[in-house]
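Step one of this worksheet: look at the structure below.
Owing to the predicted nature of the structure, the values given are computational and were not obtained by experimental measurement. In what follows, every chain begins at residue 1, and chains take the letters A, B, ... in the order their sequences are listed.
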Amino acid sequence: MEKYNPEEIEIKWQKKWEEYRLYEAKYIPEKKKFYILEMFPYTSAQIHMGHVRNYTIGDVVARYKVMNNYNILHPIGYDAFGLPAENAAIKQNIHPKEWTYKNIETIRRQLKRLGISYCWEREVITCDDEYYRWNQFFFIQFFKKGLVYKKKAPANWCPSCQTVLANEQVINGRCWRCGEIVENKNLEQWFIKITEYAERLLDFNKIKNWPERVITMQRNWIGKSEGCEIYFYIPELNENLSVFTTRVDTLMGVTYIVLSPGHPLVNKLIEISPKKQKIEFFLDKVKKISLTVSDILNLEKEGVETDIFAIHPITQQKIPIWIGNYVLMEYGTGAVMAVPAHDQRDFEFAQKYNLPIKIVIKNPEWKEIPEKIEKAYENPGIMINSWIFDGLDSEKGKKEVCKYLEKINKGKKAIYYKLKDWCISRQRYWGTPIPIIYCPKCGVVPEDEKNLPIKLPEEVKITGKGESPLKYVNEFLECKCPVCKGDAKRETDTMDTFVDSSWYFLRYASKDIKDKPFDKDEVNYWMPVDQYIGGIEHAILHLLYSRFFIKVLYDLGFVDFEEPFENLLCQGMVIKDGAKMSKSKGNVVDPEDMIKKYGTDTLRLFILFAAPPEVDLEWSEKGVEGCWRFLNRVWRLHNEITNYKEQNQKNDEKLKFMINKLIKGVTEDIEKEFQFNTCIAKMMEFINYLGKEINNRNFSKDILIDCWKKFIKILYPFTPHICEEMWEDLNGSNFLFNENWPSYQEIETIEEKINIGVQINGKIKGNIEISPDLNEEQIYELIKNHEKFKKFLEGKKIINKIYIKNKIINLVLED
RNA sequence: GCCGGGAUGGCGGAAAGGAAGACGCAACGGACUUAAAAUCCGUUGGGAGCUUGCUCCCGUGAGGGUUCGAAUCCCUCUCCCGGCACCA
């Protein structure tokens with residue numbers, strides 16, 4: 001064949017694959033399936049190296065699995081709703097829809113040029129009304145199940161993006177997208193009760209293999225705490241104040257109580273407090289701070305005394321009530337019992353305001369109980385100054401005190417979660433309209449399912465300011481109430497795009513479906529996803545919402561499985577000069593440029609070779625060149641092999657051994673942890689061997705061709721185009737996609753002589769050539785008489801011999 | 001602060017308690033060539049010694065331990081990366 005010309009052969013094969021619809025997934029219930037999924041791309045202008053890495057890894061898995069006789073589903077689609085489309089609309093004066101579909105065309109072209117084995121027949125575009133109508137459908141099902149509600153809530157408001165953000169989209173008090181400081185704003189918004197599923201989301205038993213850190217991150221995010229709710233009676237209000245604590249064993253050490261500034265009792269307390277003005281002044285200050293600075297992390301603890309008291313449930317003592325800036329309204333009951341001796345935060349507060357500190361847990365390291373402590377003692381210990389509980393271990397005390405409180409009706413066991421309900425409202429245009437109607441007579445009613453989809457109006461003015469642009473589109477806003485048929489108005493909020501991505505993988509698994517969100521049987525066949533691949537940045541958001549969504553669909557009878565993704569691989573970033581590729585750093589390498597220069601196969605090979613999938617990959621064009629050289633070497637070797645003239649068959653056995661070892665190594669490395677980098681290294685070793693040996697012409701031609709065919713097959717998942725071309729040249733009649741992965745046998749060695757290491761007292765002293773069937777004693781005899789090792793053994797007694805077959809022998813001598 | 005993950009040549013990285021540094025990059029030397037590119041061959045962890053191709057010593061962040069044998073297991077510490085962070 002001619003010189004290796006990647007562009008020509010890659011485009012040739014990409015056309016053929018498309019022509020034959022080679023990658024079209026078929027629903028064959030009796031065949032074992034494998035669902036390989038990569039996180040679909042957001043429809044920004046074009047794909048970057050991160051995508052290339054993600055999709056290449058997926059493609060290797062897909063091609064490998066299909067060659068191992070799995071029925072494969074390997075789909076692709078586009079995460080097409082979201083803010084940037086609107087930003088582009090404002091900036092470039094282009095309609096979000098037009099912008100999005102233009103980008104989809106670019107991305108689709110780029111993906112095809114990468115030669116990924118996607119089933120193009122099942123593309124999903126989330127901004128297509130045939131897709132998002134089912135978001136609306138599910139919203140209505142959730143609504144009917146009581147899982148959706150509306151409430152006025154202090155929302156995270158990004159003044160730059162002019163929109164509400166979910167808690168997960170706020171990172172250290174800043175907007176996840178633009179980095180602006182997030183403010184609070186009270187808005188009526190739609191929530192989904194993910195908190196009802198907190199306990200089930202903590203159960204990871206039905207997940208097979210996820211990175212441990214992702215599970216940990218989700219666990220922390222859900223943040224389960226077990227403890228006790230305690231009621232402190234406030235005589236002046238004739239009301240009980242409920243606090244939550246995980247340290248009920250320290251109850252006797254409570255010296256004051258702190259309410260969050262947002263606590264509902266605060267307003268009542270102001271009215272009866274002698275310190276009314278001081279409190280109002282303090283609340284004003286707190287409000288201002290929380291409005292301007294969300295960076296509460298470094299905020300100094302401050303508070304104000306109310307001069308109102310609560311009654312301790314056990315001692316009946318009067319406990320002063322404070323209002324403090326360090327108590328969160330969003331967690332627990334919004335009020336805490338302060339135990340300064342055993343909680344560092346309370347300790348700092350108590351020091352500042354000179355509040356009493358009462359020690360009730362004895363640190364085992366203390367010889368006697370100190371008069372003063374420097375900081376709170378937060379670890380377990382023995383209970384003291386605690387009435388009938390004295391002497392108990394604090395862990396046991398937790399149970400005992402709680403039991404006692406339950407008995408006297410002053411408290412109960414309680415569990416709290418950090419997880420908050422999922423706010424899905426967005427005051428935006430480019431998203432799924434929430435299918436709710438406000439009727440003056442009937443109130444808040446869901447849209448009739450028959451009227452779905454509620455389509456986004458095309459004519460719209462996007463300003464990027466304040467409320468949803470849909471508020472100003474009358475044809476959208478005005479509607480009829482599905483109950484009374486009277487005039488009514490639509491909800492103008494649209495849905496968070498994480499709703500779209502919570503079930504897109506079900507839509508893939510159900511081809512050409514019109515009247516339902518998906519076909520239950522086909523979805524139950526393909527799902528759960530056998531291997532999901534994507535970035536670690538979705539460890540909480542997308543993956544938790546999807547798990548939740550699927551559990552709800554399971555409860556509603558839509559699907560028969562409870563977890564969407566059995567195995568998860570989070571690939572590392574592609575970095576250059578020590579930083580993630582980004583426009584602002586000016587270190588972006590465009591995949592298309594690389595493809596033009598070297599071809600897709602070389603780019604794929606480099607990305608797979610440079611690092612194992614889950615660690616960050618340092619970009620190196622020199623490394624790309626190395627891969628380019630390798631493929632050229634393969635190509636030249638192919639030509640040498642097809643023109644090969646045999647002289648003798650001396651090395652046939654060795655060649656068979658080498659290819660067998662290679663197949664075994666590559667298969668095991670893929671099966672183990674998708675260690676594609678070492679797979680490629682092994683193939684390089686094989687090519688190095690063959691390249692050196694072929695000129696000696698010690699192989700018979702048919703053995704050589706047979707081995708070469710096997711080699712092409714195992715290289716195929718990594719660099720499919722060049723392999724198809726060589727395969728065709730060898731008169732392969734089939735696409736490699738339809739060939740079987742070669743098998744291998746367990747062979748230890750075929751060599752007549754092998755080298756093993758020789759250790760004396762565990763230190764390597766050299767090596768010795770032996771025949772592999774020798775035993776420990778026989779090898780020892782050789783060493784004893786060997787010029788090199790003799791000297792170590794003379795006059796010494798051997799107390800131990802350890803022989804690891806074909807590797808090393810260790811002789812242990814007496815001192 | 002808490003929870004994860006990590007530290008191996010000049011660089012990316014190999015090594016499932018058994019010869020550390022596979023494979024690739026870079027570097028150096030050589031062949032081919034009028035020359036260059038391409039290609040091919042060789043050397044390449046550090047140090048010391050001499051007889052110059054061999055011998056010895058050291059070496060996987062630091063220190064200790066387990067073991068015949070540790071990059072790998074255990075303990076202590078340092079540094080780096082990631083996540084969470086006033087969650088009661």
| query | Which whole number of Å gives the distance between the C1' atom of B/rC73 and that of B/rU67? | reply | 10 Å
| request: Look at the side chain of A/Arg633 and decide which nucleotide, out of B/rC40, B/rA15, B/rA19, has an atom nearest to it. | output: B/rC40
| query | Relative to the ring of A/His538, is the ring of A/His542 parallel (under 30°), tilted (30 to 60°) or perpendicular (over 60°)? | reply | perpendicular
| A/Phe609 side-chain proximity, nearest of B/rC84, B/rG69, B/rG12 | B/rG12
| query | If you look at every strand shown and take non-hydrogen atoms under 4.0 Å, does A/Lys622 touch a base, only sugar-phosphate, or nothing? | reply | sugar-phosphate
| task | Assign A/Lys682 to base, sugar-phosphate, or nothing according to its heavy-atom contacts below 4.0 angstrom with the strands shown. | result | nothing
| field | Lys/Arg-Asp/Glu bridge criterion (N-O < 4.0 Å) met for A/Arg247, A/Asp343 | value | no
| said: Over all strands shown, is A/Asp343 touching base, sugar-phosphate only, or nothing at heavy-atom distances under 4.0 angstrom? | reply: nothing
| What do you reckon, are the aromatic ring centroids of A/Phe609 and A/Phe676 less than 6.0 Å apart? | no
| query | Roughly how far apart, to the nearest Å, are B/rG24 and B/rA14 at atom C1'? | reply | 11 Å
| Across all strands shown, which nucleotide pairs with B/rA48 by Watson-Crick or G-U wobble geometry, both distances under 3.5 Å? | B/rU55
| field | A/Ala610 side-chain proximity, nearest of B/rG13, B/rC41, B/rG12 | value | B/rG12
| said: If I pick the P atom on B/rG9 and the same atom on B/rG61, what distance separates them, to the nearest angstrom? | reply: 7 Å
| message | Under 4.0 Å, heavy atoms only, any strand: does A/Arg219 hit a base, just the sugar-phosphate, or nothing? | response | nothing
| remark: Which of B/rG4, B/rC58, B/rG24 is nearest the side chain of A/Arg213? It is B/rG4
| query | Does A/Lys801 make a cation-pi contact with A/Tyr780 (under 6.0 Å, within 45 degrees of the axis)? | reply | yes
| message | Within the 4.0 Å heavy-atom criterion, would you say A/Ile756 contacts the bases, only the backbone, or no part of the nucleic acid? | response | base
| task | Please work out if A/Val327 contacts a base, only the sugar-phosphate, or nothing of the nucleic acid, heavy-atom cut-off 4.0 Å. | result | base
| Are A/Glu302 and A/Lys285 within salt-bridge range, i.e. N to O under 4.0 Å? | yes
| task | Report the relative orientation of the aromatic rings in A/Phe711 and A/Phe686; use parallel for angles under 30°, tilted for 30 to 60°, perpendicular for over 60°. | result | parallel
| How would you label the contact of A/Asn632 with the nucleic acid (heavy atoms, under 4.0 Å): base, sugar-phosphate, or nothing? | nothing
| message | Would B/rG9 be called syn or anti here, given the cut-off of 90° from 0? | response | syn
| note | Testing B/rU39, B/rG18, B/rA14 for proximity to the side chain of A/Pro612, the answer is B/rA14
| Nearest-Å distance once atom C1' is located in both B/rA20 and B/rU76 | 25 Å
| request: Using a 4.0 Å heavy-atom cut-off across all strands, classify A/Thr246 as base, sugar-phosphate, or nothing. | output: sugar-phosphate
| query | More 5' along RNA chain B: A/Glu618 or A/Gly223, using each one's nearest nucleotide? | reply | A/Glu618
| Reckon A/Glu537 touches a base, only the sugar-phosphate, or nothing at all at heavy-atom distances under 4.0 Å? | nothing
| With respect to the side chain of A/Thr245, which nucleotide from B/rG69, B/rA88, B/rA15 is positioned closest? | B/rA88
| If you find the nucleotide of RNA chain B closest to A/Asn325 and the one closest to A/Lys672, which residue's nucleotide is nearer the 5' end? | A/Lys672
| said: Any base atoms under 4.0 Å from A/Glu685, or only sugar-phosphate, or nothing? Heavy atoms, all strands. | reply: sugar-phosphate
| request: Looking only at side-chain atoms of A/Asn810, point me to the closest of B/rC58, B/rU39, B/rC68. | output: B/rC68
